[in-house]
Amino acid sequence: RKFAELFGGPARDPESPITKREMDLARSVQVITEDIVLSMARHARKMTGERRLCLAGGVALNCVANGRLLREGIFDDLWIQPAAGDAGGAVGAALLAWHKIYSRERIVHGARDGMKGSYLGPEFSDEEVAVWISEKKYVATRLSTEKWAPTIAGILAEEHVVGLHQGRMEFGPRALGARSVIGDARSPKMQSVMNLKIKYRESFRPFAPSYLEESTGDFFEFSEPSPYMLMVAPVKKERCIEEKREMIDNMLEVINQPRSDLPAITHVDYSARLQSVTRERNGRYYDLIKAFEDLTGFGIIINTSFNVRGEPIVCTPSDAYRCFMRTEMDFLVIGSFLFKKTDQPEWEDQRDWKQEYALD
């Protein structure tokens, strides 16, 4: 009621048309959030004199504000806890006890990533997966180390959608290539296909790019690492396509205009939410993107979390297979094993996720 009184009407219903009113409200809330974050950062710099800033808390997951904060140059460097919301508080509590209560030495690793790329969750060996496949009578091809990346890269280049389950699961809200759904960022149709057929959510939502860290400057107006998908930056100007600027009141008409040669990851303001990938943090994912670059000339792919709306990100092979079979995903990769949808036995669980979980 108070929202309606303040903003001249009720909040929009899920899946109803997004009009200029909703666009204006979203933009205004974002601008005010950025103003507050920048004001707090300037105060912190003046009060402490420190040159580097660490962020945590739910607002630190606002990637647009983070990118703006870095571009403003208030601090020389910015580090954000990858599980910046409530889950990351456990890390802070553990460190507080370790250093303050038990007086243990603080060891700074310097260039090495002490978070290990945020890949801190469970993993499943190929041997465990092979036993599970055999027991369930699923159909999969085991790829050799040499063929793993080139095979998946070829599937992506054919505009297929792939569920990727490999290595240790990510700690935090972002899928970073261990529990991800991936696709071809060059494809004009990929954004709506992945939203409507895999994620079961509104088709306007943009996806993040995963790209080789050394190629950052080829794609974005940005020069810093962004391993945890917590920064937003503009797409390189020379990659952008000038859009029609007449006023459009329907968000979907706005969003469906290609804005760059990477249309599936370029948002309405010509920005993207970035994940830079290195071999040190996730060697297999790096090799996959490199193989895609060798094949297409583009060292960049789409990355979104391996789940549907209302569900957490998949953890186990069983979670991944269930999500694969209950959506319109084309292929699934679990460790070294490749599953093709059309090869699988009939899936008996016919529950419809579009009805089972509330709309976003």
Side-chain touch [X]/[Y], heavy atoms, less than 4.5 angstrom:
X: Thr19; Y: Glu22; result: yes
X: Arg42; Y: Lys46; result: no
X: Ser210; Y: Ile182; result: no
X: Phe220; Y: Pro209; result: yes
X: Ile265; Y: Phe219; result: no
X: Arg322; Y: Val314; result: no

Minimum heavy-atom distance between His165 and Phe124, given as atom pair plus value: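 For His165 versus Phe124, the nearest heavy atoms are CE1-CD1, 3.8 Å.
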Provide the closest heavy-atom pair for Thr296 versus Ala157 in the form atom of the first, atom of the second, distance.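 Looking at all heavy atoms of both residues, the closest pair is CG2-CB, 4.1 Å.
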State whether [X] and [Y] are salt-bridged, where the test is any N-O pair (Lys NZ or Arg NE/NH1/NH2 against Asp/Glu carboxylate O) under 4.0 Å.
X: Asp126; Y: Arg142; answer: yes
X: Glu293; Y: Lys290; answer: yes
X: Asp287; Y: Arg279; answer: yes

May I ask you to check whether Phe337 and Tyr138 place their ring centers less than 6.0 Å from one another?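 No.
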Are Tyr321 and Trp347 close enough that their ring centers fall under 6.0 Å?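 They qualify: ring centres under 6.0 Å apart.
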Passes side-chain hydrogen bond (donor to acceptor under 3.5 Å, both in side chains), Arg284 versus Ser336? Steps please. CA-CA 10 Å; Arg284 212 173 201 186; Ser336 297; 2.9 Å; yes
So which of Arg186, Lys236, Arg239 actually passes salt bridge (charged side-chain N to carboxylate O under 4.0 Å, His left out) with Asp261?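 Among Arg186, Lys236, Arg239, the one meeting salt bridge (charged side-chain N to carboxylate O under 4.0 Å, His left out) with Asp261 is Arg239.
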Determine, stepwise, if the pair Gln30 / Thr33 fulfils side-chain hydrogen bond (donor to acceptor under 3.5 Å, both in side chains). CA-CA 5 Å; Gln30 179 63 36; Thr33 300; 5.3 Å; no
Quick one: which of Leu288, Ile155, Leu164 gives a side-chain contact (heavy atoms from CB on, under 4.5 Å) with Val333?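 Exactly one option meets the side-chain contact (heavy atoms from CB on, under 4.5 Å) with Val333, and it is Leu164.
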